[in-house]
Amino acid sequence: MSAEGPEPASAEEQKEMEDKVISPEKAEEAKLKARYPHLGQKPGGSDFLRKRLQKGQKYFDSGDYNMAKAKMKNKQLPTAAPDKTEVTGDHIPTPQDLPQRKPSLVASKLAG
Amino acid sequence: TACYFVSVLFTADIISTVEFNYSGDLLATGDKGGRVVIFQREQENKSRPHSRGEYNVYSTFQSHEPEFDYLKSLEIEEKINKIRWLPQQNAAHFLLSTNDKTIKLWKISERDKRAEGYNLKDEDGRLRDPFRITALRVPILKPMDLMVEASPRRIFANAHTYHINSISVNSDHETYLSADDLRINLWHLEITDRSFNIVDIKPANMEELTEVITAAEFHPHHCNVFVYSSSKGTIRLCDMRSSALCDRHSKFFEEPEDPSSRSFFSEIISSISDVKFSHSGRYMMTRDYLSVKVWDLNMENRPVETYQVHEYLRSKLCSLYENDCIFDKFECCWNGSDSAIMTGSYNNFFRMFDRNTRRDITLEASRESSKPRAILKPRKVCTGGKRKKDEISVDSLDFNKKILHTAWHPMENIIAVAATNNLYIFQDKIN
């Protein structure tokens, strides 16, 4: 038996090594998995999509509003101009000047 | 051909959309603060021969305000996602502007005359005592300084649960579509209390969600045809004559992928951020993270042309994922004759591809090249090895300077490039 040196890599392992050399994308993937080993098994799967559906949502805190109201005490909260229908900027919304909420859209009667 | 700097205009906030009108005389921008600024092309002026081609502010108005959805405890951003002009039918101009939830139809009109000589009130507006009026006069129209007024004519609200990403005016000039992540609605421009849902890809169980709608557009000539792109890199063409609900496509465009090259990033970078029909209506163009593809509407199995925008980023995907840049949504546009296409990149670079000669060029929208009538120097990114003089290495690119929005004049070689809160105008010749 001749001494051949270390066992030759299996075909699979060899392909993986080749991939890392040939594909910069696979090399980047390996880098990412090394940094975040718990990253989702499904590439770009539904967790990512669901996060996307919630993108940029800022939460309005009614607690903040009530705190500010309490701080003001006797002072009047700045109210929206009488002809303005929208609530913007520094003005803290009051229940009176909330935009009227219309009922949610009903599914098209043409469907199904 | 060469590219000359014409002008740079500054807006108060980050520009989020740019659109020429059908004649190219007006250029609209929407910004993150909900404002719309419309620029108008300078007319021929003998005393200032170089001014033609410049765009100056014509009208500014607040299109959308931030809103609160109390039921969901959410704030709705006022950022203008898209502006689309309507074809001009009379002296006034009309455009649609949309944020995440509400679309508005704006009328922009000029007033250059004012009536004077009323009977019942003074020039100051004070009411005259009717018993003192002894004679009647006919009010006369007198010229006044041009005033441009913008007024909201229609508000199309409460039809989208998810965030609106596209609006598109139909060639019938009567209807338009609006698309969010999961649904597409059809509206009539005159009717605000009703819209028809034409595409709904929301699964019964949200856990089964695998793709979202990323862009949608009506065909430029066939009023029954529209396309929508997905986060999985596919495009569906739908025909509204075949059924009322277009959940089943008429054509499905997808480029086959080599399964062995698939990685964690494959789906993310294949997500289409923009889809645009050619002016001819024969082709459509899609933009994904690294490339622009031109598709022949008669061939569904692969694009006819693929242009690499910034292939050198493929070896940077890990950090681009970490800093979220991999989710940046670049737009693309055709020139008037469909012979060239343009799209943006990072470091305030933008790329133009000539479809006939297959030549491409990288240019930069920067203050350095902002001298009047300065010619832009082509840029080159060095991908490895020795960096030549004037080249910039991939690691030196500024990923905060992204050009997401560009527009091409419908007839001439004038382009508008939005770089954060700067709007650059370039053209291919000096006046």
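Since this is a predicted model, take the numbers as computed values, not measurements. Residue numbers start from 1 in every chain, and the chains themselves are labelled A, B, ... in the order their sequence lines are given, proteins ahead of strands.
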Worksheet entry | Residue B:Leu182 versus chain A: region with a heavy atom under 4.5 Å | side chain
Worksheet item: Where is the tightest heavy-atom contact between B:Glu322 and A:Leu32, given as atom of each residue plus distance?
Response: CG-CD1, 4.4 Å
Practice prompt. Answer with side chain, backbone, both or neither: which region of B:Ser243 has an atom nearer than 4.5 Å to a non-hydrogen atom of chain A?
Written response: neither
Discussion item. So for B:Ile269, is it side chain, backbone, both, or neither that comes closer than 4.5 Å to the heavy atoms of chain A?
Written reply: side chain
Worksheet item: Between the side chain of A:Glu29 and the main-chain N/O of B:Ser263, is any donor-acceptor distance below 3.5 Å?
Response: no
Practice prompt. Indicate the atoms forming the closest heavy-atom contact of B:Ser319 with A:Glu28, along with that distance.
Written response: N-OE1, 4.2 Å
Worksheet item: So with a 6.0 Å cut-off around NZ of B:Lys32, is the heavy-atom count from everything else above 12?
Response: no
Worksheet item: Do B:Ser266 and A:Glu25 have side-chain heavy atoms sitting under 4.5 Å apart?
Response: yes
Response to the item:
B:Arg262 and A:Lys26 have their tightest heavy-atom pair at O-CE, 2.9 Å
